[in-house]
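Notes follow the structure.
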Protein chains: 6
Amino acid sequence: MHEKFHQPVDAAKVPRFAGHATFMRLPAVSSPKGLDIALAGIPWDGGTTNRAGARHGPREVRNHSSLMRSTHHVFKTEPFRVANIADVGDLAVNPIDLLDALRLIEAGAAEIVDAGAIPLCVGGDHLTTLPVLRAVAGEKQVGLIQFDAHSDTNDTYFGNNPYTHGTPFRRAIEEKLLDPRRIVQIGIRGSIYAPDEHDWAVAQGIRIIYMEEFVGRGVESVMEEARQIVGQAPTYVTFDIDAIDPSMAPGTGTPEIGGFTTREAQQLIRLLDGLNLVGADVVEVSPPFDLADMTSIAGATIMFELMCILARQVERTRGAAIG
Amino acid sequence: MHEKFHQPVDAAKVPRFAGHATFMRLPAVSSPKGLDIALAGIPWDGGTTNRAGARHGPREVRNHSSLMRSTHHVFKTEPFRVANIADVGDLAVNPIDLLDALRLIEAGAAEIVDAGAIPLCVGGDHLTTLPVLRAVAGEKQVGLIQFDAHSDTNDTYFGNNPYTHGTPFRRAIEEKLLDPRRIVQIGIRGSIYAPDEHDWAVAQGIRIIYMEEFVGRGVESVMEEARQIVGQAPTYVTFDIDAIDPSMAPGTGTPEIGGFTTREAQQLIRLLDGLNLVGADVVEVSPPFDLADMTSIAGATIMFELMCILARQVERTRGAAIG
Amino acid sequence: MHEKFHQPVDAAKVPRFAGHATFMRLPAVSSPKGLDIALAGIPWDGGTTNRAGARHGPREVRNHSSLMRSTHHVFKTEPFRVANIADVGDLAVNPIDLLDALRLIEAGAAEIVDAGAIPLCVGGDHLTTLPVLRAVAGEKQVGLIQFDAHSDTNDTYFGNNPYTHGTPFRRAIEEKLLDPRRIVQIGIRGSIYAPDEHDWAVAQGIRIIYMEEFVGRGVESVMEEARQIVGQAPTYVTFDIDAIDPSMAPGTGTPEIGGFTTREAQQLIRLLDGLNLVGADVVEVSPPFDLADMTSIAGATIMFELMCILARQVERTRGAAIG
Amino acid sequence: MHEKFHQPVDAAKVPRFAGHATFMRLPAVSSPKGLDIALAGIPWDGGTTNRAGARHGPREVRNHSSLMRSTHHVFKTEPFRVANIADVGDLAVNPIDLLDALRLIEAGAAEIVDAGAIPLCVGGDHLTTLPVLRAVAGEKQVGLIQFDAHSDTNDTYFGNNPYTHGTPFRRAIEEKLLDPRRIVQIGIRGSIYAPDEHDWAVAQGIRIIYMEEFVGRGVESVMEEARQIVGQAPTYVTFDIDAIDPSMAPGTGTPEIGGFTTREAQQLIRLLDGLNLVGADVVEVSPPFDLADMTSIAGATIMFELMCILARQVERTRGAAIG
Amino acid sequence: MHEKFHQPVDAAKVPRFAGHATFMRLPAVSSPKGLDIALAGIPWDGGTTNRAGARHGPREVRNHSSLMRSTHHVFKTEPFRVANIADVGDLAVNPIDLLDALRLIEAGAAEIVDAGAIPLCVGGDHLTTLPVLRAVAGEKQVGLIQFDAHSDTNDTYFGNNPYTHGTPFRRAIEEKLLDPRRIVQIGIRGSIYAPDEHDWAVAQGIRIIYMEEFVGRGVESVMEEARQIVGQAPTYVTFDIDAIDPSMAPGTGTPEIGGFTTREAQQLIRLLDGLNLVGADVVEVSPPFDLADMTSIAGATIMFELMCILARQVERTRGAAIG
Amino acid sequence: MHEKFHQPVDAAKVPRFAGHATFMRLPAVSSPKGLDIALAGIPWDGGTTNRAGARHGPREVRNHSSLMRSTHHVFKTEPFRVANIADVGDLAVNPIDLLDALRLIEAGAAEIVDAGAIPLCVGGDHLTTLPVLRAVAGEKQVGLIQFDAHSDTNDTYFGNNPYTHGTPFRRAIEEKLLDPRRIVQIGIRGSIYAPDEHDWAVAQGIRIIYMEEFVGRGVESVMEEARQIVGQAPTYVTFDIDAIDPSMAPGTGTPEIGGFTTREAQQLIRLLDGLNLVGADVVEVSPPFDLADMTSIAGATIMFELMCILARQVERTRGAAIG
């Protein structure tokens with residue numbers, strides 16, 4: 001079947017520095033139709049309260065995703081042979097009108113979902129996950145596995161503004177997009193605004209696994225719990241690049257020391273294998289604050305790992321459908 | 001009289017790298033009352049259509065203004081001895097609500113104007129000049145000398161949004177803040193959206209002196225014309241750091257090669273001496289895109305040059321009042 | 001006629017940081033057929049004797065060409081309305097086999113020429129100009145206007161190796177691709193290997209205008225002579241980014257202080273208007289040595305200026321053909 | 001009681017990039033009187049034998065301490081509600097006279113101690129700890145917990161010079177400021193001058209826990225020993241940022257690979273809770289060698305962690321006094 | 001005996017930033033004769049398929065090796081007192097002719113081997129190890145311990161080119177330089193070209209210890225196996241700097257996240273003690289992609305650790321010979 | 001005669017990135033005996049009142065002087081064929097003892113002078129020129145041509161300290177090393193401490209040519225006057241890299257915008273030809289503040305230009321002696 005799937009440029013013929021910079025060196029397509037997985041950028045950071053720049057994330061993650069090869073070395077999965085994947089470009093945004101931007105992003109994500117493809121997006125700041133969840137969550141609420149330094153469940157900023165990159169998951173719960181009892185946040189750390197900052201989230205049923213608990217338990221124990229929390233119901237995975245330590249991902253808006261190593265991040269993602277994912281994203285890659293493209297490279301690799309998980313799911317699902 | 005004026009830290013006693021980073025190492029005051037010139041930051045870039053970051057401008061211009069000494073070497077003016085000057089801090093802003101930000105900035109600038117001080121502001125993107133003009137321009141329209149790579153008189157962006165850093169002077173003319181026949185724009189250059197992009201501005205009476213004309217005529221000829229255009233009526237000076245060549249001021253959002261050298265910029269500003277200025281600003285310094293603080297240092301020096309011009313005006317005015 | 005021409009993305013709808021990074025935000029096409037001007041990358045630096053990196057030039061010039069708008073502000077030319085222009089991608093290269101690379105590049109350039117399009121290429125090191133000249137120069141020898149810090153007419157390096165980025169124009173003369181009496185090199189400067197280093201070139205008839213002569217005469221005088229030298233016969237223009245001062249274009253392999261300002265470079269290129277150009281390139285942009293993308297931005301702007309010159313030629317030619 | 005305590009700027013009203021850069025966005029005060037904890041900079045690096053730059057440390061740690069929020073997420077401590085804390089500015093220094101600098105720093109630190117406040121200082125190079133110890137250690141010798149890559153107990157450099165950043169703790173022992181049997185050094189590593197380089201220190205009673213031992217034992221075991229060594233007698237804590245791995249804190253003068261992760265550093269500091277601390281510092285943050293402000297951010301976070309420990313001590317002490 | 005050995009500059013007399021930049025501040029000698037260990041650079045990266053720059057590695061590793069002191073703090077070994085070591089300069093190379101470069105490097109390495117010295121080389125890309133192996137492996141095949149992110153046992157690239165930095169160990173096995181049953185590769189990770197990419201290597205007998213296995217087993221277990229694999233027969237050690245995580249060694253051509261920490265790398269190398277080493281190298285340090293010289297410093301430290309292992313071997317051997 | 005002169009490495013055989021980093025790739029010699037011109041580093045910045053780092057200048061100027069070729073393209077002079085030139089290494093310094101450093105530097109310079117060689121030094125901060133002048137000026141006072149942004153004739157700093165990089169020429173006049181009527185300072189600019197800051201210097205007879213005067217008159221007029229001032233009596237040339245604009249030489253401690261272009265700097269130096277020079281230096285290159293080695297490259301080129309002037313003087317002198 002894969003003869004018809006999109007294939008990346010052959011690096012043994014075209015050097016990695018050559019050719020247009022698309023995600024994973026895949027073809028750029030104008031429509032998600034026919035795709036199993038749609039790789040999309042969301043170049044918008046209008047919800048950023050401190051250091052902006054994630055609007056440039058998709059451009060540079062694309063640029064450095066040229067380093068990715070075509071096979072996952074642990075799973076031995078060849079994503080482009082088991083799923084039809086392409087770069088659908090950037091979703092439309094509005095850099096100076098927050099509400100219009102949320103509408104545009106939702107519309108773009110909905111087009112992917114309506115085409116039957118799973119969206120794998122690169123932000124943009126974390127507020128971009130909200131309109132994608134609006135598109136992904138239909139009548140059912142979805143679960144969420146969130147790798148992040150911050151809970152992002154605050155209420156308002158700067159005079160009752162409800163939409164910032166610190167509030168998306170509070171809004172998503174209020175909008176019934178997410179089932180709070182099926183949300184797990186992993187890697188939360190750093191100074192907070194008040195001792196009760198996370199009380200609302202916990203009261204909703206969100207399971208917060210702070211970095212300190214993670215360090216004590218290890219990757220496997222934490223992910224076993226996470227998998228049990230979300231179960232086999234539809235689940236979205238969001239990876240805020242600031243979950244990773246700022247020495248490994250300096251190009252982000254709200255760095256917090258003491259983060260995941262990239263090695264741990266890879267282990268965490270690989271243990272998502274077998275879940276029922278309806279979408280995923282990598283957000284908060286902010287190239288203006290990056291060093292030697294280190295964060296873009298890490299972001300591209302995290303995206304590759306997530307893409308392999310999604311491709312394996314597509315393969316399983318297709319096998320089950322045929323079987 | 002100057003015994004009572006605020007004085008900067010003495011660099012022969014306290015090294016330049018020591019102490020708090022205020023503008024020109026002046027005291028930070030909580031009110032503009034009693035000041036002749038108020039140095040203020042406007043940390044906001046919500047009007048930026050491409051590369052944001054000017055929100056960080058005031059912080060870093062303050063940081064590197066520690067390099068400034070207390071006397072202008074050409075004029076031999078000692079600004080802190082002829083005028084009472086201090087750092088009034090940053091005007092209030094809202095990073096995620098454009099209209100609220102414009103209101104807050106206008107209120108902050110109005111407080112300075114109402115106190116009888118001349119505002120010398122550091123942006124922020126060029127849209128921050130609009131609310132300052134609202135505060136400065138009372139019943140009379142003011143003139144404008146604008147050093148810039150771009151005319152910033154476009155109409156709308158991204159679906160009829162009227163407020164971006166590409167539109168402030170169109171809005172200011174529509175709002176009757178500026179007298180278009182007393183506007184001169186110097187250093188305009190770079191590719192444009194359409195052949196008629198500047199037609200509206202020219203039709204209003206704005207005098208655009210493109211970089212190519214400047215190169216042919218030189219600093220003195222151009223400034224003589226500029227001085228005649230604005231005359232002795234109240235005039236505002238706005239200096240977009242992208243007027244300077246990106247090799248000398250890389251930290252800005254919309255770089256255009258072929259700009260002013262800093263040497264030319266200093267010459268241009270010194271020829272403002274003797275005009276009737278009601279305010280001035282330096283905008284679009286964007287530290288995330290800067291190199292070795294080069295743009296912040298250039299911005300701080302431009303600010304110093306403007307401050308000396310304003311201080312000389314204060315000295316003249318006071319002398320005239322006494323005389 | 002221009003309704004059928006390729007158009008760039010509309011920046012008033014899609015922000016500059018969004019979308020795929022193609023040259024000038026034009027469509028990426030798979031064939032040069034039907035184009036008047038073909039924008040192509042040549043990502044190869046195997047001729048570099050010191051600091052490699054120009055292989056990454058096309059990728060980053062594309063990236064930062066997003067800053068270009070659609071109209072030349074001096075000529076008021078709209079290149080995309082008078083000529084059909086697109087990004088034809090990168091020519092095939094071989095990063096580890098010099099001779100194979102030269103063959104591949106020549107083949108790629110020949111495809112453009114055979115399609116009737118004018119190639120406007122982005123290198124790559126200066127040796128990439130040689131195979132393009134092989135494609136461009138048919139039975140007739142072409143003239144050359146070369147903006148460069150170095151003559152690049154040396155004979156051999158490292159044990160009689162004839163092909164390096166210091167030798168392309170010697171080879172091109174030997175191969176009868178160039179008419180040496182119609183070659184002018186402008187901006188040559190910097191220490192040399194021996195007092196007689198340029199004697200061969202001069203003996204062939206090449207006119208070398210050193211930077212010192214340029215400084216004394218100015219842009220217009222120099223370009224008047226250059227235009228007389230090449231006349232109306234077919235001429236190629238090559239712009240080595242190291243012609244520009246390293247403070248404005250640090251990202252290059254062989255920096256020489258005392259170079260052209262970008263302002264001068266723009267003036268020089270604009271005075272190419274009216275010649276009979278068969279191709280042009282911008283070479284030696286080396287992103288690993290760049291700062292804040294300054295060189296890529298300068299390179300993209302130089303490319304834009306050259307593209308406008310070529311578009312005006314297309315317009316004239318078409319007008320003449322119709323007339 | 002905390003109604004009277006100094007409070008930082010409210011980040012939900014004033015964005016983190018706005019306002020003056022003071023430590024933790026606290027008020028800048030002119031006197032330590034009334035404070036429980038005095039945050040002070042010591043911008044001096046005259047004891048640096050190789051790469052200078054730590055003189056700029058206080059400026060940039062202040063700058064990036066704006067990222068800190070007001071509550072410790074593990075302890076749930078709100079330092080600004082249990083202790084009166086402010087930024088007392090930089091202690092006076094002399095950049096070109098070493099002995100005068102040591103006198104000035106001691107005087108500045110003594111002013112803090114005499115006011116009854118605990119000094120929490122940001123260097124400066126490690127020699128700045130010596131004059132602070134002179135101020136802190138009265139008639140009693142104090143203990144020391146030192147996180148560092150280097151023992152800093154060498155004797156002399158460059159012709160019998162006794163004062164460099166490699167000698168402060170030898171001098172402090174000789175001056176009877178420190179009780180060597182209550183000194184523990186953690187994280188020591190890297191090549192040394194001679195096999196017996198640490199023999200003097202060990203002979204005095206200093207407990208050196210090399211990085212290799214730390215790796216084998218882990219944070220808790222090591223800190224349990226450290227706490228036993230210093231006991232409940234007055235103890236000073238000094239954190240040389242080069243204790244942290246250079247990938248996480250590159251901005252320092254004497255980098256040694258194989259250092260603590262920031263995660264380990266946070267764990268180490270949190271286990272200081274409950275000791276009897278008379279002062280603390282973070283030294284050797286050298287912004288000229290920093291990358292993307294990574295070291296300044298790490299330094300500010302380490303300072304925040306130490307401040308929380310000190311604030312908890314103040315709270316305990318005050319409770320005990322009242323109780 | 002060591003009175004006659006070369007000694008580095010005394011850092012207590014000459015600061016580390018002073019003097020010529022030789023490896024370890026040792027004398028530069030013109031011949032390897034009389035040396036036990038010869039430190040050599042191989043400034044060549046002509047086998048690099050993506051991001052070149054390792055040609056600049058020796059220059060910058062030399063520069064930053066000035067930070068090394070003269071004694072290993074764990075072994076207490078003083079390498080310069082137990083072995084005669086010097087900087088023999090860079091081996092001759094040819095930057096634009098791959099086959100000539102391989103010949104030249106082999107000749108240079110052979111000169112060292114023929115003089116009876118052990119070569120400790122700094123590349124250069126990983127293809128430089130091939131000609132050194134040609135010089136080192138005489139009639140006997142040698143074993144190999146390879147620390148690396150990549151197996152480098154691919155067959156061909158870009159049209160059947162057999163020599164790239166992705167193929168050296170396939171060629172070395174084919175040339176009978178290496179005994180494949182005595183090869184162990186540690187730290188391999190990252191996406192691969194095809195599921196069977198490593199099948200050839202494994203079929204030859206190479207033991208590949210992927211990063212994931214390493215994480216599960218730990219340093220000691222892995223090195224115990226590695227030591228058993230190579231035994232006491234002659235063995236070469238090659239350390240590709242990309243084995244280390246890109247956050248700690250960003251200056252390399254093919255970064256792969258999830259790498260060794262420098263701490264692990266030091267542990268790994270120290271467990272080489274006692275083997276029978278015939279040479280060693282550190283390759284792929286690429287300064288143009290480095291940050292704050294972090295990779296050069298790491299490379300210099302890895303080189304120092306390897307040098308100490310070799311010096312201890314020299315000491316043992318000499319002792320045995322005398323004994 | 002030149003058969004016996006030291007020659008640089010042949011760049012057509014050994015690539016520029018290979019080999020040890022000596023000045024101009026010349027041999028490193030242990031004694032100045034037999035040299036006509038001695039190239040020496042002075043790695044010391046203990047007189048720096050703000051941003052230190054010039055101690056690293058010699059190391060990096062050496063590193064990047066590898067870019068220099070062997071012939072001056074305007075003069076056609078081959079310096080290494082008309083004069084015996086070598087790298088004598090760094091003069092001894094003391095990084096933590098100012099007075100000892102001044103003594104050591106003077107001794108090192110005296111050794112060069114006593115050997116009959118002309119010293120061409122690379123600092124170090126500008127205070128390093130003082131001890132060199134002590135060595136150069138015997139019983140006669142020498143003249144001085146100083147290219148600089150600052151007059152460096154202040155009296156004291158930080159409590160009557162007489163020795164900083166802002167005071168060397170006041171001290172040199174007081175010590176009768178310089179004849180103040182034969183001093184010309186060119187390029188002075190930037191804010192000053194007080195209106196009378198330069199009065200002492202002018203009263204001594206120093207001719208200060210401010211940047212503004214230079215801009216009005218041009219290179220030739222200014223240098224004609226400078227040549228007349230110093231005449232044919234012994235003269236020293238000091239080039240503070242901050243004379244050049246910070247966009248072209250950002251790596252310096254006290255940047256002042258509006259400086260010389262490198263093109264102007266080269267013109268200025270070439271007009272020194274024919275004077276009677278007893279020494280020269282390039283100071284204040286500060287690598288920690290540099291960008292892409294731009295300042296080191298500029299410094300190396302300025303050094304090359306000065307070396308050619310000195311070599312031409314040696315050639316003239318020798319010719320006269322023979323003649």
Side-chain angles (χ1 to χ4, degrees), chain A residues 43-57 59-60 90-105 107 124-128 130 154-168 171 250-255 285-291 295, chain B residues 43-57 59-60 90-105 107 124-128 130 154-168 171 250-255 285-291 295:
Chain A
W44 189 81
D45 59 15
T48 302
T49 55
N50 185 5
R51 313 193 309 176
R55 67 183 72 181
H56 303 282
R59 180 67 70 98
E60 294 306 326
D90 284 342
L91 306 190
V93 296
N94 185 327
I96 54 171
D97 185 327
L98 190 149
L99 293 177
D100 189 40
L102 295 183
R103 279 188 295 268
L104 289 166
I105 296 168
D125 71 31
H126 221 153
L127 185 52
T128 62
L130 179 63
N154 287 319
D155 194 1
T156 60
Y157 283 76
F158 305 114
N160 300 321
N161 283 282
Y163 298 114
T164 80
H165 69 158
T167 67
R171 293 294 94 77
T252 196
T254 319
V285 172
S286 180
F289 292 90
D290 203 5
L291 291 169
T295 313
Chain B
W44 189 81
D45 59 14
T48 302
T49 54
N50 185 2
R51 312 194 308 176
R55 66 182 74 180
H56 303 283
R59 180 67 72 97
E60 294 306 326
D90 284 343
L91 306 190
V93 296
N94 185 327
I96 53 172
D97 186 327
L98 189 150
L99 293 176
D100 189 40
L102 295 184
R103 278 188 295 269
L104 289 166
I105 296 168
D125 70 32
H126 221 155
L127 185 51
T128 62
L130 180 62
N154 287 319
D155 194 2
T156 59
Y157 283 78
F158 305 114
N160 300 321
N161 283 281
Y163 298 114
T164 80
H165 69 157
T167 67
R171 293 296 93 77
T252 196
T254 319
V285 172
S286 180
F289 292 90
D290 203 5
L291 291 169
T295 313

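All values below were derived from every heavy atom in this structure, side-chain atoms included, with hydrogens, water molecules and symmetry-related copies excluded. This one's a predicted model, so the numbers in the text were calculated from it and none came from an experiment. Throughout, a chain's letter reflects where its sequence line sits, starting with A, and its residues are numbered from 1.
B:Thr167 is linked by a side chain to side chain donor-acceptor pair (under 3.5 Å) to nothing, counting only residues two or more places apart in sequence or in another chain. Listed by chain and number, the residues in a ring pair (Phe, Tyr, Trp, His ring centres under 6.0 Å) with A:His165 amount to none (sequence neighbours excluded).
In terms of heavy atoms, B:Arg55 sits closest to A:Asn50 at NH1-O, 2.8 Å.
Across A:Asn94, A:Val93, A:Leu98, A:Ile96, the residue that shares the most heavy-atom pairs under 4.5 angstrom with chain B is A:Ile96.
Both the backbone and the side chain of A:Phe158 have a heavy atom closer than 4.5 Å to some heavy atom of chain B.
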